[in-house]
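Take a look at the structure set out below.
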Protein chains: 2
Amino acid sequence: MYTLKQLEAFYWSATLGSFNASSNRLHTTQSAIAKRVGELESFAGMPLFERQARRLLLTQQGHKLLVMAREMLELNQRIVQSIGDPSSLEGVVRLGVTELVGLTWLATLIDEISRRYPNVQLMPEIDGGLTLYERLQRDELDLAFMPGPFWSYEYDSTPLGSVRNVWMASPDIDIESGRELTPHDLAPYPVISQPPNSALSHIYDAWFAEQGMSVKRVFTCNNLGVTAQLTALGMGISYLPDAYFSPVVARGVLRRLDVKPDLPPIHYYSVCKKSFVTPLLSTLVDVACEVARFDIPGGTSRRQGGTPSEASP
Amino acid sequence: MYTLKQLEAFYWSATLGSFNASSNRLHTTQSAIAKRVGELESFAGMPLFERQARRLLLTQQGHKLLVMAREMLELNQRIVQSIGDPSSLEGVVRLGVTELVGLTWLATLIDEISRRYPNVQLMPEIDGGLTLYERLQRDELDLAFMPGPFWSYEYDSTPLGSVRNVWMASPDIDIESGRELTPHDLAPYPVISQPPNSALSHIYDAWFAEQGMSVKRVFTCNNLGVTAQLTALGMGISYLPDAYFSPVVARGVLRRLDVKPDLPPIHYYSVCKKSFVTPLLSTLVDVACEVARFDIPGGTSRRQGGTPSEASP
DNA sequence: ACAACTTACGTTACCCGTAACGATT
DNA sequence: AATCGTTACGGGTAACGTAAGTTGT
């Protein structure tokens, strides 16, 4: 007999056109996929794929099976959703997040997931928003939490909340305080901004251009803590998430600059390929919506979140 | 995740109302069935059966699953029939046959099956037709080849051919030969007949009564060879399959009695429960129809069928 | 006492991942 | 050289059957 796993391997290999892509999709190795398909073929007694140089082509039998395999896997989904215990959810999720998410609520999410679904394993990676998007495209990630929107129609996205960024400077810097500033007032100061692979810089650069605002960049720094540190030391000004750094502001280490117009808020989304949506991913997104808070550092269990440090780790 | 095997175990347990019956149906042990169902329940996170004293009762979740399980197993059948290689058929079949089948074409069948479907294992048992029927009812057999018809609507049957029985006697016995005999002429002679669990005796006894014919039984013998032997030795007369024993008649060891009216022909059928019909069983029945011959001893490979012996083994 | 399900345990067999290889562009 | 599919091998786990235990009639 054949198994559901073999059918699944066959289905995704046929859909994605290669064993390699299929193995990424199913979180396993090419070897395993090839073996499952091979077993299915030996059950069928004939090849289901024509192994061409660069791609797989379905044989006639393969086409017949593909239709029924899809049907079967859909029925399978219905069964899982109908009688499957949520707590028996299992699987691996490669999750991409931006640094801000990592600093605020990622730990809360991990805690929550491992508590509710002990058999789900998250593999989080921190990277810039644009890099995350590229990795989603290459099927190297299953899900990403990042600013947007700027993805194409083949992605599913769910809003997670908004982040207000404000201009920050060292309290020692000689910018007139107590009055409202204009972008023009910022022009003389060097700006410490996000690296090019950041979605934030992508969005804000466009906005700056729109405003006719020219920014002088001295650094692009890929670490928020370091950026805050450099800003506090007076190396330049920077735009930083307001809520997360408000304790630092309260301690007088950083100073908000009251610049008008305000920087536009950054909208965070949970993003994944539509074809990747599974019960597991949907559940994960639901939990993410619950716990997403961009103000205080999270993690409910062990290290009860401290206040953000102005020093880099 | 769950597996098709678990679903199958659940389905048949629900249908047949017990793990025991299910284990017979699926050719495995209660232990294995209970475990598969248990795994399915732990996947569902709740019981699917209420274990009552004498029977299983479906829970609410169980009912929901049963519908989808049936659907899934039907789809599974379609897939198997569509792309499954016939030569990859596998499984165990408990096969009941009468002695005559065992003496004539059973060996041919086994040869043919093991040649075409090396992964199919036949477990033949020789017994009287009525016993075979009872064992079918108790799910102790999957399929039987026996005379009929006398089974109920819940059985599937396929004709396999007919057998002509004739009255036989020792050449030495003082029955007038050369003229046509009547049943009345047989009355004085003891009859060696089939045991009560034989379908043959069942059918013929009814016919004898219908004909107003009284037979004096001395022996009932459950072995055809021995019956022939005893008949040849003049212990009595008997009705024996004409074709199979014609070589013995040719050698002058037995003598046909030309009694009118002829004994009615016996129709053989392949019989199984309708709910047991699977691709495997259907195929097996097809092959049986091909090879069923009640005249010569069969078996194509090793012992090239010899002529029937008049001595018991 | 019997019939049914459950549990425990040792064995088996299968499935997977690593890694080396071959073929194609 | 890079990418993809295949093959070989070793390790781990899960599924099985035997058999003893338990529970109800």
Side-chain angles (χ1 to χ4, degrees), chain A residues 1-43 46-59 62 88 90-92 94 119 121 123 137-140, chain B residues 1-43 46-59 62 88 90-92 94 119 121 123 137-140:
Chain A
M1 272 299 275
Y2 68 100
T3 67
L4 284 176
K5 277 187 168 184
Q6 290 164 11
L7 225 55
E8 198 179 31
F10 165 78
Y11 175 78
W12 284 107
S13 299
T15 303
L16 303 176
S18 98
F19 290 171
N20 235 324
S22 175
S23 70
N24 286 330
R25 176 70 190 77
L26 298 175
H27 300 117
T28 179
T29 61
Q30 302 101 331
S31 182
I33 296 293
K35 220 175 293 183
R36 291 181 204 173
V37 172
E39 286 163 2
L40 201 56
E41 283 175 323
S42 83
F43 169 74
M46 60 187 65
L48 299 168
F49 288 114
E50 276 181 37
R51 269 76 163 173
Q52 284 205 357
R54 223 41 169 179
R55 63 185 169 205
L56 295 175
L57 239 75
L58 282 170
T59 65
S88 71
E90 61 184 8
V92 178
R94 294 162 307 180
N119 298 318
Q121 191 187 347
M123 299 181 55
Q137 282 184 310
R138 275 185 253 121
D139 293 342
E140 293 171 6
Chain B
M1 272 300 276
Y2 68 100
T3 67
L4 283 175
K5 278 187 167 183
Q6 290 164 11
L7 225 55
E8 198 179 31
F10 164 78
Y11 175 78
W12 285 107
S13 299
T15 302
L16 303 175
S18 98
F19 289 171
N20 236 323
S22 174
S23 70
N24 285 332
R25 176 70 189 76
L26 297 175
H27 301 115
T28 178
T29 62
Q30 303 99 331
S31 184
I33 296 293
K35 219 174 295 182
R36 290 181 204 173
V37 173
E39 286 162 3
L40 201 56
E41 283 175 323
S42 83
F43 170 73
M46 60 187 65
L48 298 167
F49 288 114
E50 275 181 38
R51 269 77 163 173
Q52 285 205 358
R54 223 43 166 179
R55 65 184 167 205
L56 295 175
L57 238 74
L58 282 170
T59 63
S88 72
E90 61 183 7
V92 177
R94 293 161 308 179
N119 298 317
Q121 189 186 347
M123 298 182 55
Q137 282 183 307
R138 278 187 251 119
D139 293 342
E140 292 171 7

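Here is the naming used below: chain letters follow the sequence lines, and residue numbers restart at 1 for every chain.
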Worksheet item: Could you write nucleotides 11-22 of chain D as a row of B, S and -, 5' to 3', where a protein heavy atom under 4.0 Å of any base atom gives B, of only sugar-phosphate atoms gives S, and otherwise -?
Response: ----SBBB----

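- Per the geometry, CD belonging to E50(A) stands 15 Å off P belonging to dG5(D), to the nearest Å.
- Remark: E140(B) engages R135(B), R138(B) in a salt bridge (charged side-chain N to carboxylate O under 4.0 Å, His left out) (not counting sequence neighbours).
- When the shell of 6.0 Å around CE of M1(A) is examined, it contains more than 12 heavy atoms from other residues, nucleotides or ligands.
- T59(B) contributes a side-chain N or O that, together with a main-chain N or O of P47(B), makes up a donor-acceptor pair within less than 3.5 Å.
- Rounded to 10°, the helix from dA1(C)-dT25(D) to dT25(C)-dA1(D) has 30° between the axis fitted to its first five pairs and the one fitted to its last five.
- Under the side-chain hydrogen bond (donor to acceptor under 3.5 Å, both in side chains) criterion, N24(B) pairs with no residue, sequence neighbours left out.
- Residue F49(A) contributes atom CZ, which lies 10 Å from atom P of dT6(D) at whole-angstrom precision.
- To the nearest 0.5 Å, the span separating OG on S22(A) from CZ on F10(A) amounts to 10.5 Å.
- In this structure Q6(A) satisfies the side-chain hydrogen bond (donor to acceptor under 3.5 Å, both in side chains) test together with E39(A), sequence neighbours excluded.
- Using the six-membered ring where Trp is involved, F49(B) and F19(B) have ring planes that are perpendicular, over 60° apart on the 30 and 60° scheme.
- Looking at residues two or more places apart in sequence or on another chain, you find no salt bridge (charged side-chain N to carboxylate O under 4.0 Å, His left out) involving R25(B).
- Here S42(A) pairs with nothing under the side-chain contact (heavy atoms from CB on, under 4.5 Å) rule; sequence neighbours left out.
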Let me have the donor-acceptor pairs involving side chains of residues 30-37 of chain B, under 3.5 Å, with sequence neighbours excluded, atom names and distances please.
unit_1: Q30(B); atom_1: NE2; unit_2: N20(B); atom_2: OD1; d: 2.8

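- When the side-chain hydrogen bond (donor to acceptor under 3.5 Å, both in side chains) test is applied to R51(A), the partners found at least two apart in sequence or on another chain are E41(A).
- With sequence neighbours excluded, no residue satisfies ring-ring contact (aromatic ring centres under 6.0 Å, His included) with Y11(B).
- A heavy atom closer than 4.0 Å to some atom of DNA chain D occurs in S18(A), F19(A), these being the qualifying members of residues 10-19 of chain A.
- On the nucleic acid side, DNA chain C has its first and last nucleotide under 4.0 Å of a heavy atom of chain B at dA3(C) to dC9(C), going 5' to 3'.
- L26(A) has its side chain within reach of E8(A): a pair of non-hydrogen atoms, C-beta onward, lies under 4.5 Å apart.
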